[in-house]
Amino acid sequence: MKERKQRKFISEIEATCRQWLADGPKRLLEKGAVHLDSSDNIYKVKSELKNAAKIYSMEYYFEISGKIAHWNCTLHDLQLCFGVKEFLVISPQSASGVVLDAPEATKLLSAVSIALANCSSLWPAFVPVHDPSRKAFIGIQNMGTIFMRRFEADRIGSQVPIKFMHLEGLYELFVSKFAYCMSDHSMHLFRVHLLMKLTYQTLPNDEDNYDDIQEADTESAKSETSPGCDNPNRKHWDDDCPWNEWYSAEDPVMGFDLVVTWSEKVVESSLEMAEMENASPHEAEKWILAPNLYPNLDSSKGDRIGFASQLHLLVNALEMSFEAPFIEDFVSVENPGSDNLESTMVIPPPTVLDRVLKDLFLEDPQLPDFAKDEHKSSRAIKGAPVESLFAQFCLHSLWFGNCNIRAISVLWIEFVREIRWHWEESQPLPKIPANGSIDLATCLINQKLQMLAICIGKKRELNEEFEDCIGTKDNASANMEVIATFCLVLVPLLLPVLFVTDSEQGEKMQEVNKVGDESSSFHAQSQAFDEKRDSLLTPEGFNGSKTVESKFSANAQDVHSADKSTLDSIRRGSAGPVGSMKLLKLCQSLHAPFTQSAPLMTEDMHEERLHAIETFGFSCNFSAQLERETLSSDMSAFKAANPGAVFEDFIRWYSPRDWENDESEAKGPSTDLTEGMNVDWPPQGRLSRRMSESGNFWRKIWDEAPILPASEQKPLLDPNREGEKILHYLETMQPHQLLEQMVCTAFRASADTLNQTNYGSLKEMDTKMDQLYLTMASTLRPLQVNLLSNTSDTIEDLQRLCVVFEHVEKLLILAASLHRRFRQVPQISEAIFSNYYNFYLPTMGIGLADVDTQKEFDMKLQLSQNERQVVSNMFTPPTANQSWRKVLSMGNHLNGHEPILREIIFSMHDNASDNHYASSSPRDYQQDTETYRMYTCGTSNDLRGLLSPLRMLAIECH
């Protein structure tokens with residue numbers, strides 16, 4: 001009965017194997033073969049078999065194509081150990097998945113062997129045995145001849161003999177498998193083929209504890225400043241990175257594994273193994289570098305702090321900003337909606353607030369370069385430059401009180417109070433250029449701060465002029481006192497002169513001259529002042545040889561009765577003649593006046609003006625009303641520079657398109673201020689139709705405009721009025737208006753900060769940064785045009801933008817970490833980053849919470865000869881603190897580092913003609929055959945005496 005069930009079981013195995021053989025790999029793929037995650041080219045199919053009361057699972061592993069390499073990292077464990085390409089694994093469907101009973105394992109393996117022989121299959125078959133932690137197998141393979149190969153695999157997980165830690169002991173173990181009668185293996189020669197693979201690992205960043213670092217600092221205090229010495233103070237890896245001012249990032253590169261492989265060698269004695277154990281890794285055939293990245297670098301578990309995480313909190317604050325009409329409502333405890341605020345929305349202590357304000361308003365004698373390292377697409381985002389005052393406020397807000405709405409409100413209120421203090425005390429605002437221009441491409445708050453900085457500058461100038469005037473009056477009073485003193489002293493001296501002799505008169509005159517010399521400084525000051533006054537006009541063609549009567553020769557009555565119209569003929573505030581243009585009523589050159597600059601306006605002021613034009617329509621009179629102050633100032637300056645000019649002269653200069661010429665007339669300015677002598681006069685032409693209409697507002701302004709040069713006019717920009725309006729805007733703006741501009745500026749400033757990172761010439765990173773700016777510009781556009789509402793879908797778009805930002809931020813930090821490690825060989829960092837970029841790219845279109853973290857990044861990079869030294873320098877010699885914690889139990893040290901893993905393949909090759917089966921062997925097998933093979937994989941121990949596991953997979957062939 002048992003034999004019949006056994007035969008049935010063998011038949012089921014045989015039928016399944018025949019079906020798999022008939023289908024072949026390609027057909028099996030079509031039927032749903034499963035791909036192994038650990039390999040790029042290995043698949044498996046599975047079938048369930050029943051024998052008596054037990055159910056077994058039989059799996060067939062196969063490859064599509066390719067040749068089995070010895071150290072291929074994608075090989076299955078059994079492929080690596082036994083050198084097979086395709087194989088079967090049959091195991092019970094139980095909790096352990098192994099056969100614990102040895103007779104049952106032998107019987108199961110025998111059944112599979114018979115079935116494979118009936119199929120004429122050369123597949124090796126394996127059965128897992130013993131405890132699962134031992135990863136033990138027994139196996140068998142029909143070689144198609146009289147030979148049969150058997151496999152045995154086991155693992156020693158504890159109490160590993162010391163001799164197995166060294167190559168010599170492993171060699172003797174392998175030789176003992178076939179040299180049964182030899183007691184001393186070291187005295188006999190066996191041609192054993194050897195393949196060795198060593199794995200080294202760089203020390204982690206936190207290898208030293210804090211106490212050891214403190215001791216090292218004390219001992220090497222004198223050598224800190226010596227050139228070439230490393231700084232003993234422990235620093236973080238990103239201390240010189242641009243984001244370090246705001247947060248410290250975890251190094252995404254934990255370290256590197258260096259895999260060193262030797263080419264196949266033939267060893268004939270254990271002495272050669274001892275010599276090979278002392279060989280340098282630089283003598284190896286291949287060096288393969290594998291980066292160890294931070295666990296779950298491509299996923300988000302909420303424990304990674306960066307710009308992206310804080311921007312997400314800022315977006316949440318924006319969503320809550322619609323719950324109150326005033327910013328103070330989020331701070332006041334009397335706010336009816338304060339109960340809705342979470343208890344976690346704490347406000348930092350006053351010391352933190354003071355530190356932030358000091359950093360924001362710290363006066364820097366030199367303004368930063370706002371366009372330095374700015375991305376080409378940065379200005380497409382309507383924010384503020386990263387070094388500006390408002391951008392720095394937004395960046396501080398990201399880290400102030402975990403960026404909750406209450407903390408932001410407190411910081412903003414104190415920020416505005418500090419700005420008002422600067423205004424009232426006429427102190428310049430830091431981090432804002434007072435160059436007289438407003439950048440309309442930035443956000444409105446930044447424009448307001450720029451205009452306030454200009455108003456503060458104007459206010460300071462007015463204060464200085466006022467102080468100068470006070471000082472001038474004081475000087476005038478002092479001069480009058482000098483004159484009075486002069487008279488009091490001079491008159492008593494002159495009176496006696498009239499009644500003295502000539503000799504006495506000479507002495508008195510010397511005293512008078514002495515007093516006169518003391519008053520000469522006052523006279524010089526008065527003369528210098530007169531020279532600065534504008535001169536009178538002279539008629540055209542004035543003869544320069546004619547003598548001019550001195551004004552001091554005329555009597556007082558003539559001066560007093562001079563024609564008052566002469567005062568109006570004084571040309572003031574002229575910038576020079578305009579080409580050959582002449583005045584209509586006088587044959588004099590038309591002069592261009594110095595005019596006041598047009599009043600500066602922010603974006604909202606421009607929008608109000610455009611809205612008024614759209615409402616009332618554009619016309620000549622309406623445009624004149626909008627520009628009344630500017631137009632009146634220009635007309636007054638024109639009158640002062642051109643005495644006797646008429647309205648038509650102003651139009652010809654100010655608005656040439658409104659003057660219709662009958663003849664061609666030069667209108668452009670000329671660098672040559674001399675006038676031609678033969679010019680047709682008067683000019684021929686007339687006003688345009690719109691300027692000729694009755695009730696023209698331009699002519700009305702002309703008639704009312706006084707004759708004043710620009711230097712004597714009231715400034716068009718009233719700094720006191722505009723400054724108070726700006727402060728009123730900042731103090732009364734609604735919370736959502738503030739948060740909208742903060743979000744735009746924070747995204748732009750964060751991206752500009754990251755853009756300053758030096759990551760070499762990584763084209764993929766450049767592409768992602770370009771895409772990030774374009775994505776931000778399109779997503780933030782509704783905030784820039786005030787189209788956001790509390791029910792808008794833009795909040796969800798902003799949250800998705802935070803996810804995109806986090807993807808790019810992680811890639812950039814990785815790029816920076818790789819670049820700083822491989823500055824001398826940038827091709828290594830480029831290769832690693834490009835490989836990881838392609839691995840990470842499919843996850844960038846989804847949220848980080850949805851990323852499949854089961855698949856890990858695994859890359860092997862083969863190094864060239866000129867790259868080896870740079871990688872070798874990464875394995876710095878262990879310090880005394882590191883050396884005592886490890887006992888070097890294996891050889892082949894690399895800069896004092898022993899391998900963390902050593903893998904060896906021993907093999908023995910024999911010629912079939914040399915054994916007693918040669919006479920019965922076919923001619924095709926009269927060649928070298930691998931008769932014995934042993935694979936060992938071992939690790940070292942540590943100081944505490946806890947040995948790392950050593951796994952030995954041994955094969956016996958008979």
From Leu29, Val34, Leu28, residue fulfilling side chain to side chain contact (heavy atoms under 4.5 Å, CB included) relative to Val45: Leu28

Measure the [atom1]-[atom2] distance between [X] and [Y] for me, rounded to the nearest 0.5 Å.
| X | Y | atom1 | atom2 | answer |
| --- | --- | --- | --- | --- |
| Ile10 | Ser110 | CD1 | OG | 6.5 Å |
| Tyr200 | Asn892 | OH | CG | 5.0 Å |
| Glu63 | Ile42 | CD | CD1 | 4.5 Å |
| Thr16 | Met58 | OG1 | CE | 4.5 Å |
| Phe857 | Met859 | CZ | CE | 5.5 Å |
| Asn51 | Phe9 | CG | CZ | 4.5 Å |

Keeping [X] on the side-chain end and [Y] on the backbone end, is there a donor-acceptor pair under 3.5 Å?
| X | Y | answer |
| --- | --- | --- |
| Ser57 | Gln93 | no |
| Asp251 | Ser817 | no |
| Arg18 | Asn118 | yes |
| Thr106 | Ala102 | yes |

Any side-chain heavy-atom pair of [X] and [Y] under 4.5 Å:
| X | Y | value |
| --- | --- | --- |
| His35 | Tyr43 | yes |
| Ile828 | Leu863 | yes |
| Gln141 | Phe82 | no |
| Trp20 | Leu88 | yes |
| Glu903 | Leu80 | yes |
| Leu173 | Thr936 | no |
| Gln827 | Glu867 | yes |
| Trp123 | Val84 | no |

Identify the heavy atoms of [X] and [Y] that sit nearest to each other, and give their distance.
| X | Y | value |
| --- | --- | --- |
| Ser280 | Trp262 | O-CZ2, 3.6 Å |
| Leu109 | Ala125 | CD1-O, 3.7 Å |
| Val192 | Phe906 | CG1-CD2, 3.8 Å |
| Gln79 | Lys85 | NE2-O, 2.7 Å |
| Gln201 | Phe875 | C-CE2, 3.5 Å |
| Val253 | Arg821 | O-NH2, 3.3 Å |

Within 6.0 angstrom of Lys54 NZ, more than 12 heavy atoms from elsewhere: no

Salt bridge (Lys or Arg N to Asp or Glu O under 4.0 Å) between Lys26 and Glu30, worked out: CA-CA 7 Å; Lys26 294 183 179 181; Glu30 296 176 358; over 6 Å; no

Sidechain N-carboxylate O distance under 4.0 Å for Lys31, Asp23: yes

Note: Glu806-Lys810 ion pair, threshold 4.0 Å (strictly below): yes

Test of ring centre spacing under 6.0 Å for Phe137 and Phe151: no

Tyr61/Phe126 aromatic ring centres below 6.0 Å: no

Would you call the rings of [X] and [Y] parallel, tilted or perpendicular, taking 30° and 60° as the class edges?
| X | Y | result |
| --- | --- | --- |
| Tyr836 | Tyr840 | parallel |
| His76 | Phe87 | tilted |
| Trp287 | His282 | tilted |

Audit row: Val98, His130, side-chain contact (heavy atoms from CB on, under 4.5 Å) steps and yes/no: CA-CA 7 Å; Val98 298; His130 304 310; over 6 Å; no

Trace of the side-chain contact (heavy atoms from CB on, under 4.5 Å) decision for Leu894 with Ser872: CA-CA 8 Å; Leu894 176 61; Ser872 176; 3.9 Å; yes

His807 and Val803: CA distance, side-chain angles, deciding distance, side-chain contact (heavy atoms from CB on, under 4.5 Å) verdict: CA-CA 6 Å; His807 286 305; Val803 176; 3.7 Å; yes

Verdict with reasoning, Val112 to Tyr56, per side-chain contact (heavy atoms from CB on, under 4.5 Å): CA-CA 12 Å; Val112 176; Tyr56 295 92; over 6 Å; no

Distance-only side-chain donor-acceptor flag, [X] / [Y], under 3.5 Å:
| X | Y | result |
| --- | --- | --- |
| Asp257 | Thr199 | no |
| Ser11 | Arg7 | no |
| Glu764 | Ser834 | yes |

